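Below you'll find the structure, written out as structure tokens, and then a few comments.
None of the values given here were measured: they were computed from a predicted structure.
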Amino acid sequence: MSRLVAVAPDTRPVMHDAFAAAVRDGGGEVADLAEAEALIWADPYAAAMYPEVIAAAPSVEWVQLPYAGVEPFLDHLDARLTWTCAKGVYADPVAEWVMAALLMGLRDFHLFAAAGSWCAESGRNLFGTRITVLGGGGITQSLMRLLEPWGCQVTVVRRSAEAFEGAVRTVTLASVHEAVAGADAVVVALALTDETRGVVDGALLKAMGPQCWLVNVARGGHVDHAALEAALRAGTIAGAVLDVTDPEPLPDDSGLWTLPNCVITPHIGNTREMGLPLITNRVRENVRRWLAGDDLLGRVDVALGY
């Protein structure tokens, strides 16, 4: 017998309808909240509606979220429920953005794009560089595959010191200052938690050195923006490419906009157009697994908050 799955809220019709179709394709039956045993959350920007929605769904045992980071739901995570998110779903397009950011920064494309006349030669190879990645999740796994042909020496910083496949060194956050020293680029791909908030502060930027590019594709809250602006102005690091900021959107009066060695993109590591087919596939697969009693993809650890 098919099991009942609610898709809510219905504030984004395109996403709601795509998820409802995925539920049916996965073998589930789309139902009202009052009857549903599972809830597919259908609006990434409506976390504030969760208490109202879940109150109308007393039989729900599993909640699927549409994004990889679960920060908007931290106040709502309930250990009595099974939670899944989009961990790994967007890893490939985000890793592709990181590659573009690394090549642009090291090759000085940001300078050439802003030039109004022929420029002096400048730039460095990505080949053989030292890359430090903060985070050991799906984005880092995808990035390691993309970096492999460039022969980069990659250090991974994560919660566990267990060797990360493809990395020349794996360390914990306790050794982060040592891990970034001398790197040509530091990529931030961490989950945002109390432990990692503000991890890129003035001291860490100083440890990176003047040859280093900072690439942030995780969350704006990982970086002390005032310290970053000061470091960019002083030449403490070579430059920064930010796909995420805090706040977001970054206010027009932020000094970061004025810096030639800071490139800001509007959270396009994964756009809505890119992402909808990917998360729809995850919903379909997890509904299929739920009905079969198999392990769900993207399980959230409620205690850790990601």
Side-chain angles (χ1 to χ4, degrees), residues 1-94 137-138 191-193 219 248 267 269-306:
M1 178 181 294
S2 179
R3 298 180 71 182
L4 305 180
V5 182
V7 181
D10 59 2
T11 45
R12 291 186 178 268
V14 172
M15 181 170 279
H16 179 278
D17 293 350
F19 285 178
V23 168
R24 289 189 285 267
D25 290 346
E29 180 180 344
V30 178
D32 293 334
L33 286 166
E35 304 173 299
E37 301 165 84
L39 170 62
I40 311 300
W41 194 260
D43 188 342
Y45 304 99
M49 294 180 65
Y50 178 77
E52 169 191 346
V53 171
I54 200 65
S59 299
V60 162
E61 60 186 45
W62 162 47
V63 180
Q64 168 74 53
L65 300 177
Y67 22 51
V70 301
E71 301 86 52
F73 272 81
L74 286 179
D75 292 337
H76 306 312
L77 293 180
D78 183 342
R80 294 171 297 180
L81 304 179
T82 296
W83 295 80
T84 56
C85 67
K87 288 180 185 177
V89 168
Y90 309 122
D92 286 343
V94 172
L192 184 62
T193 66
R219 291 292 185 267
E248 205 170 282
H267 208 140
N270 173 69
T271 67
R272 296 176 195 173
E273 184 178 3
M274 296 175 196
L276 184 56
L278 301 176
I279 185 58
T280 299
N281 288 341
R282 170 63 62 86
V283 169
R284 181 184 303 110
E285 175 62 14
N286 264 352
V287 169
R288 186 197 67 74
R289 286 171 174 256
W290 181 61
L291 293 173
D294 295 337
D295 291 339
L296 299 176
L297 300 175
R299 286 286 295 265
V300 175
D301 186 317
V302 173
L304 293 177
Y306 64 92

Kindly compute the distance separating [atom1] ([X]) from [atom2] ([Y]), expressed to the nearest 0.5 Å.
X: Glu71; Y: Arg219; atom1: CD; atom2: CZ; answer: 4.5 Å
X: Thr193; Y: Leu304; atom1: OG1; atom2: CG; answer: 8.5 Å
X: Ile279; Y: Tyr90; atom1: CD1; atom2: OH; answer: 4.0 Å
X: Arg282; Y: Thr84; atom1: CZ; atom2: OG1; answer: 8.0 Å
X: Leu278; Y: Asp92; atom1: CG; atom2: CG; answer: 8.5 Å
X: Leu77; Y: Asp301; atom1: CG; atom2: CG; answer: 10.0 Å

Open item on the list: Suppose we screen for side chain to side chain contact (heavy atoms under 4.5 Å, CB included). Which residues come up paired with Asp78, at least two apart in sequence or across chains?
Closed with: Arg80, Leu81, Trp83
Open item on the list: Which residues pass the side chain to side chain contact (heavy atoms under 4.5 Å, CB included) test with Asp10, not counting sequence neighbours?
Closed with: His16
Between [X] and [Y], is any pair of side-chain heavy atoms under 4.5 Å apart?
X: Asn281; Y: Val89; value: no
X: Tyr50; Y: Val63; value: yes
X: Met15; Y: Val7; value: no
X: Glu61; Y: Trp290; value: yes
X: Met49; Y: Thr11; value: yes
X: Pro66; Y: Phe19; value: yes
X: Val53; Y: Leu33; value: yes
X: Tyr306; Y: Leu192; value: no

TODO: Specify the closest pair of heavy atoms between Ala46 and Pro9, including all atoms of both residues, with the distance to one decimal.
DONE: CB-CG, 4.2 Å
- [ ] Could you tell me which non-hydrogen atom of Val287 sits nearest to which non-hydrogen atom of Gly27, and how far apart they are?
- [x] CG1-N, 4.4 Å
Task: Between Asn286 and Arg289, a side-chain donor and acceptor under 3.5 Å - done: no
TODO: Write out all pairs satisfying salt bridge (charged side-chain N to carboxylate O under 4.0 Å, His left out) with one or both partners inside residues 33-57, taking only residues at least two apart or from two chains.
DONE: Arg3-Glu37, Arg12-Asp43
- [ ] Could you tell me whether the side chain of Lys87 and the main chain of Arg299 form a donor-acceptor pair under 3.5 Å?
- [x] yes
